[in-house]
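Heavy atoms only: backbone and side chains are in, while hydrogens, waters and symmetry mates are out. The chains referred to below are lettered A, B, ... by the order of the sequence lines, with proteins before strands, and numbering in each begins at 1. From a predicted model like this one, the values you see are computed outputs, not experimental measurements.
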Amino acid sequence: MRIISWNINSLRLRLPLLGDLVTLAQPEIICLQETKVPDHLFPEAEIKALGYNYIAYKGMKSYNGVCILSKHPFKLSPLTKDWCGKEDCRHLAVQFEFLNHPVTLHNFYVPAGGDEPDPAINPKFQHKLDFIKEASQWFKHNLDSYTIMVGDLNIAPLEHDVWNHKQLLKIVSHTPIETQNLNQWLETGFIDAMREIIPEQEKLYTWWSYRNKDWEKSNRGRRLDHLWITPNLRPALKTIKVYKEVRNWPKPSDHVPILIEFNKTPHT
DNA sequence: ATGGTAGGACCCCTA
């Protein structure tokens, strides 16, 4: 079972790239963030033409937006909700059968938080902290036994999730308050699947700013996108892959797709 | 220390 998570930064603009990604990665399920398309304009026919007949989307004009595209049937999970009292299209949850269990899949787009890492003067940073706090509390009581959680969490928690740990400690996405709060969310019952496979001492990025002249040469990346699983899915975990080459495709997103693959017949 | 780029809608916001 191959699942992709990707902050696509406009679904309509990058539909051709999504097609290329399907060819390259052959995912059975795709979770996208920052679709930037309101529901009445969602390109459903084009997505179905790519082979994904089961679709859930929650979008709005200009900002945010998430969707889940699948080759296998699923139902929308009742765990889908709004956060911080805002209807800003940052979360979808679905449920499907896998390994003879109902598996819940969450797709999140966490607020970026603006530039100034001080909640007293930056309401966007306050929103980000509130969002993570609320999610941490909520998952204490609403974590299904078999759960996969993916998305753009806009936080790079570990030293080697950023190109320069010391320099980024004061930069939004890598401040201690963010990484502490994200760890509390993780500790509600998840495993960081990417770091299960790729050692913590190894640099690992999923995002490179548009503002670098040569992103590959300067390599000032961050791991903002994540793949979390509950421990009972750990025996089935097969592969993690970061599709770094997609950052060099024409008109790329600043995030690259990440893949999690499970064995379909685990010996648990 | 600064400013750099991109997407979408609207004369600027968000990332």
Length of the [atom1]-[atom2] vector between [X] and [N], whole Å:
X: A:K36; N: B:dA15; atom1: NZ; atom2: P; answer: 9 Å
X: A:K86; N: B:dT14; atom1: NZ; atom2: P; answer: 11 Å
X: A:R90; N: B:dA15; atom1: CZ; atom2: P; answer: 6 Å
X: A:I171; N: B:dT2; atom1: CD1; atom2: C1'; answer: 12 Å
X: A:I8; N: B:dA6; atom1: CD1; atom2: P; answer: 17 Å
X: A:K128; N: B:dT14; atom1: NZ; atom2: P; answer: 15 Å
X: A:W207; N: B:dT14; atom1: CH2; atom2: P; answer: 17 Å
X: A:N7; N: B:dG7; atom1: CG; atom2: P; answer: 12 Å

Exercise. Do NZ/NE/NH1/NH2 and the carboxylate oxygens of A:R2 and A:E261 come within less than 4.0 Å?
Worked result: yes

Results of ring pair (Phe, Tyr, Trp, His ring centres under 6.0 Å) for [X] - residues two or more places apart only:
X: A:F96; answer: none
X: A:F131; answer: A:W83
X: A:H72; answer: none

Exercise. More 5' along DNA chain B: A:K61 or A:G114, using each one's nearest nucleotide?
Worked result: A:K61

For this session: Provide the full list of ring pair (Phe, Tyr, Trp, His ring centres under 6.0 Å) pairs with a residue in residues 37-56 of chain A, sequence neighbours left out, each pair given once.
Result: A:F42-A:Y57

For this session: For nucleotides B:dC10 and B:dT14, find the distance between their P atoms and express it as a whole number of Å.
Result: 13 Å

For this session: Can you tell me, in whole Å, how much space there is between the P of B:dA9 and that of B:dA15?
Result: 15 Å

Problem set entry | ILVMFWY cluster membership beyond A:Y210 - transitive side-chain contacts under 4.5 angstrom | none

For this session: Identify which nucleotide among B:dA15, B:dA9, B:dG7 has an atom closest to any side-chain atom of A:N154, counting heavy atoms from C-beta outward.
Result: B:dA15

Exercise. What nucleotide, of B:dA15, B:dG7, B:dA9, holds the atom closest to the side chain of A:Y63?
Worked result: B:dG7

Exercise. A:R220 near the nucleic acid: base, sugar-phosphate alone, or nothing, with a heavy-atom cut-off under 4.0 Å?
Worked result: nothing

Seminar exercise, completed: Sorted by number, residues from residues 208-218 of chain A placing a heavy atom under 4.0 Å from DNA chain B are A:Y210, A:R211

Exercise. Side chains of A:S173 and A:R222: is there a donor and an acceptor less than 3.5 Å apart?
Worked result: yes

Exercise. At under 4.0 Å, does any side-chain N or O of A:K124 touch on OP1 or OP2 of B:dT14?
Worked result: yes

